[in-house]
Amino acid sequence: MLSQCKVQDKSNGITAIPEFDFPGGWGRLDSVTSLRNNGERTQDRPAAHTQAIASAPGVERVGQPRRKDVMSEHTRARLSNTRTFSGAMTCAMVVGSLLAPPAMGGDLDLIGDRLDGETMMREYLLGEIDRHLDELYEAEDERLAEPVDTDTIEAWQTNLREEFMEAIGGLPDTDTPLNAEVTHAVERDGFIVEKVIYESMPGVHVSAALFLPDDPQFEPPYPGILLPCGHSRTGKGSELYQSGAALAALHGMAALVFDPLDQGERHQLLDEDGDSIIWGTHAHSALGVGAIFLGHNTARFMIHDMVRSLDYMEERPDIDGERLGAMGNSGGGTQTSYIMALDERIKAAAPSCYITSFDRLVNTIGPQDSEQNIFGQLAWGMDHAEYLTMRAPMPVMVCAATDDFFDIGGTHDSVERARRTFEALGYEDRLTLTETEGTHGWHQPLREASVEWMLRWLKDEEATVEEPEDLEVLSDEEILATPEGEVLKLEGARSVFDINAQWAREKAADAETRWAEIGGEQALTEVREVLGVPETGALPEFEIEDLGEEERDGYTMRKFLLWPEDNVVLPAVTMIPDGGFEDVILYVNDEGIGSTAGVDGPLADYVGEGHAVIAVDLRGLGETQGSWDFYREQFGPDGREVMLAYLIGRSYVGMRTADLIGVTLAAGDLLDSEAAIRLVADGPIVSVVGLHAAALEQDLYAEARLNGDIESFVSIVEQPLADDMLVHTVHGALDVYDLPLLREAVGNMLTLD
C-alpha cells in the first residue's frame, strides 16, 4: 500500500493568481473536457500499472470528504475505452484555449473519411508513444521479477541517469567561481531573509533569497532546502514560495528560493527600455528551440542553476551540506524532480503539482514547455515514475491537487509504479503521496506537508506543521537582490540566449572543419544518422491507393493516397500532359497541394510547359496539417506534435525527409516512367526538408529548386523570437552539420529562388 500521509483541512489555497504562467501557457485552468479515447492497454499493461487506480485513493485527507468520484472518472476512462485508428479520436482540450487555423489543404479532400487529417500526426505519435510505454512497462516487470536483484536495479538507475545527462547535453563546467554576495538582509518574526546573488556560469547571475531561522532554539548548521520556483512572474517573490521557505525557517531549516530563468529578476531578453520582452513558459520554450540544435535542452541551464545553488549552500558554514533537500511546485516541481533524480546531495524531496504520467499527460494537456520534454526519454525508458525511482530509496513525497491539469490519475499511476521499486529495495516507507482538494497550485496543506517531510528526513523529527495565519513575507520590492531588479543590468552579465548563440557558432565552425577532414560521403552518413533517415534500401515501400483520374484541358490528373507506414497517409496527385513528357516536377509546398492543383494553379503551368507533375502533401502539411496550439503562435500550429516526436527521439525534419525520398522512389510506379526528377519545394518548411533529401540522395534528382530556404540553423539560434522555427529542429544537428554544408554538398544541382 501507499504510505499514508494525513493532510489537514486548510482551504485557503490559491483563489486568484494572475501572475502565474502555467506550463503550456494555459493561464489558470479549472476544467478540462473529455479525455482522449486511448484505450489504456487494459489487456497487456503490467498488473501494478492498473492496480494504481484501485490503491491510490487510500491516501487520507483529514477534514475533507474522500473524493472517490475523482478517481472513478479516470478509472472509467481507462477501463472502458478501446483504441482504434479507424477514424477521428477525441483529445482533451482546454476550454476556449485552442483556435484552429483555416484549413490548409484546399478543396481536394483526398483523404475523405479514412481518417481525420487534422489529428493524424497526433494520433500516430500517440500510438508510437503507447508502443514505447508498453516496452517500458515490460522492462519494469522483468527488472522487478522475483527474486529481485538490487545490483540490477542500481545498474538500471545509473544507466538512466547517464541517458538523461546525455539527452540534455551534459552540464556546463561547475568549476567556475560563484562570486556569491549577500546584498541585504530583512528581518521578520522568527526568520531572516538574506538576498543573494551568485553566478552559475561566468556572467550568468542567479538572484535568490535565503530564509534562515531567527530563533535561539535552532542552532546552525541548519539543514538546507533548495526551493526552485514554478512559473510565476515574480519568481522567488511569489507569496506561495516565500511562505514555503519561511515555514521551513520557522522550523529550524534554511531554505534557498531562487529565480528560474526568465522569472523574477532573471529575464533574459530586455528591450531598449530595460523591460522584459518575454518570460516564463514562452521564454523557456524559445530558449529550447535553439538548444535542440545544440543537442541541449532548457533543462540543462535550469539543472545547472540548481547544482550551483547547492554548491552555494554547501559553502555556507551555517548550512549542513550533508542534510540537503528539495521541494517545489509546478515548474518548480519539475525542477525538483530533476535535481532529486540526478544529484546525490539531495537527501529528501517533495515535488508538487507536476508528477503525473506521460500516458495521461500526452492524452490530456499535451507535452509542456521545453525543459519538461527530454529528447527521446520515452524511447529509452524515462516516464514520471522514473524521476521518483532514479535514486531510490532516497525519500520522496509526491504532492498533488485532485483537480490539477496535471492529471491526478497519472499521479496515482506513477506513484504506484515507483512504489514497486521502493518495496523491492525494502524501503516502502520512503515514498508517499499527499494530495489536497483544489486546482493547480502549492496550496497551504501541501506546503505544510512538504515541510513535515523535510523535518522527518533532514532533522529526524516527527512534527505537525501549521502555517501561521499572520505569516508576513517580503514585498515585491523587498525581495529584490539586484539594484535595478534585473540581473542582466549587472556589470558583465550575459544572457543564456547569447550563450546559446555563441555555442551554436562554435559548433557550426567545428562541424565545417570536420566535414573537410572526413569527406562528404562520411559526413552525409552522419547527417542521415542524426536525422534518423534510413538508407534508401531500408525505407519501407509505400502502399499506393489509386483514387481515380480526372480529365482536364491538355492533361490528366490522377489522385492517390500514399501510405509510408500504418496510420500515416500522404495525399498526392499526378498531372500528365496529353502530349507526353521528358521530365517530372516533384512538387511540395507548405500550404498543401490543394492550394496549387486547381485548373488555373501553378501546377497546371508546369504541365503546360511539358513537365509531368507529382505533387504531394508531406505528413503534417496540407490535408494533414495539425492545429493543436503550442503555448503561443510563435511555435506554429503543429508545435505540440513536434514535441511528441521529440519525446520519442524523432524530428519532423527527419520524418518528412524520409517521406520525400520515399515519394521520389515511388515516382516510377506513379507515372510508369523513369524520367528525370526535378524537385521543387515552395516554402521554408519544405525547402529545409527538400535540401536534406537532395543532399542525402543526390543521384535521385536532376535538380533541386528551393523557394524560401532558411539561412542556417545557427541563424535560428541567434533569433529566438522568430516565428515557426520549432518545426525545423533536429536534436544535435549542429554537432554534425548546418544547412550551408548541405547546400555545398548538393552543389550545382541546387537552385535557390
With a 3.5 Å cut-off and no angle check, do the side chains of [X] and [Y] form a donor-acceptor pair?
| X | Y | result |
| --- | --- | --- |
| H728 | Y652 | no |
| D369 | T281 | no |
| S370 | T298 | yes |
| E486 | H267 | yes |

State whether [X] and [Y] are salt-bridged, where the test is any N-O pair (Lys NZ or Arg NE/NH1/NH2 against Asp/Glu carboxylate O) under 4.0 Å.
| X | Y | value |
| --- | --- | --- |
| D262 | R233 | no |
| D311 | R345 | yes |
| E314 | R308 | no |
| K507 | D738 | no |
| R619 | E641 | no |

Given side chains that start at C-beta, do those of [X] and [Y] come closer than 4.5 Å, heavy atoms only?
| X | Y | result |
| --- | --- | --- |
| L721 | I278 | yes |
| Q625 | E118 | no |
| I479 | V257 | no |
| L647 | M643 | no |
| L240 | S232 | no |
| V473 | S243 | yes |

Spacing of [X] atom [atom1] and [Y] atom [atom2] [to the nearest 0.5 Å]:
| X | Y | atom1 | atom2 | answer |
| --- | --- | --- | --- | --- |
| W515 | L742 | CH2 | CG | 5.0 Å |
| S715 | M725 | OG | CE | 7.5 Å |
| H304 | T174 | NE2 | OG1 | 7.0 Å |
| R266 | T482 | CZ | OG1 | 11.5 Å |
| F258 | D305 | CZ | CG | 6.0 Å |
| L378 | F358 | CG | CZ | 5.5 Å |

Ignoring hydrogens, what is the shortest heavy-atom contact between [X] and [Y]? Give both atom names and the distance.
| X | Y | value |
| --- | --- | --- |
| L471 | A246 | CD1-CB, 4.0 Å |
| I355 | S337 | CD1-OG, 3.5 Å |
| V653 | T729 | CG2-O, 4.3 Å |
| Q263 | G230 | NE2-O, 2.5 Å |
| L726 | V289 | CD1-CG2, 3.8 Å |
| G636 | D724 | CA-OD1, 3.2 Å |

Determine the interplanar angle of the [X] and [Y] rings, folded into 0 to 90°, and report it as parallel if under 30°, tilted if 30 to 60°, perpendicular if over 60°.
| X | Y | result |
| --- | --- | --- |
| F635 | H282 | perpendicular |
| Y198 | Y312 | parallel |
| F375 | H731 | parallel |
| H440 | F405 | parallel |
| Y241 | W442 | tilted |

Expected output: side-chain [X] to main-chain [Y] donor-acceptor under 3.5 Å:
| X | Y | result |
| --- | --- | --- |
| D273 | D275 | no |
| Q242 | G237 | yes |
| Q377 | I374 | yes |
| Y737 | E512 | no |
| S276 | W279 | no |
| D407 | L361 | no |
| R656 | G620 | yes |
| T336 | G328 | yes |
| H205 | M201 | no |
| N297 | N373 | yes |

- Item | Derivation and outcome, side-chain hydrogen bond (donor to acceptor under 3.5 Å, both in side chains), residues D259 and S207 | CA-CA 6 Å; D259 288 327; S207 45; 2.6 Å; yes
- Item | C229/S238 under side chain to side chain contact (heavy atoms under 4.5 Å, CB included): CA gap, chis, key distance, verdict | CA-CA 8 Å; C229 299; S238 164; over 6 Å; no
- Task: Applying side chain to side chain contact (heavy atoms under 4.5 Å, CB included), run through M302 and Y338 and close with a yes or a no.
- Result: CA-CA 9 Å; M302 291 188 163; Y338 290 168; over 6 Å; no
- Item | Between F301 and H284, ring centroids under 6.0 Å |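 When the ring centroids of F301 and H284 are compared, they turn out to be at least 6.0 Å apart.
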- Item | Aromatic contact, H296 with W503 (centres under 6.0 Å) |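 Centroid distance H296-W503: below 6.0 Å, so yes.
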- Show your reasoning for whether salt bridge (Lys or Arg N to Asp or Glu O under 4.0 Å) applies to R505 and D510. CA-CA 9 Å; R505 290 188 289 269; D510 291 343; over 6 Å; no
- Just one of I292, L531, V527 clears the side chain to side chain contact (heavy atoms under 4.5 Å, CB included) bar with V730, so which one?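 Going through the options one by one, the only one that passes is L531.
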- Stepwise side chain to side chain contact (heavy atoms under 4.5 Å, CB included) test for V717 and F713: CA-CA 7 Å; V717 184; F713 290 155; 5.6 Å; no
- Can you check side-chain hydrogen bond (donor to acceptor under 3.5 Å, both in side chains) on T234 and D476, steps first, answer last? CA-CA 7 Å; T234 56; D476 290 346; 4.8 Å; no
- Message: Using salt bridge (Lys or Arg N to Asp or Glu O under 4.0 Å), reason through D709 and R743 one step at a time and then give a plain yes or no.
- Response: CA-CA 10 Å; D709 191 21; R743 296 190 191 99; 2.7 Å; yes
Only pairs under 3.5 Å count here: list side-chain donor-acceptor contacts from residues 177-187, not counting sequence neighbours, and write none if there are none.
unit_1	atom_1	unit_2	atom_2	d
N179	ND2	E199	OE2	3.0
T183	OG1	K195	O	3.3
T183	OG1	A481	O	3.1

- Item | Steps toward side chain to side chain contact (heavy atoms under 4.5 Å, CB included) verdict (I197, L490) | CA-CA 10 Å; I197 302 172; L490 296 173; 4.2 Å; yes
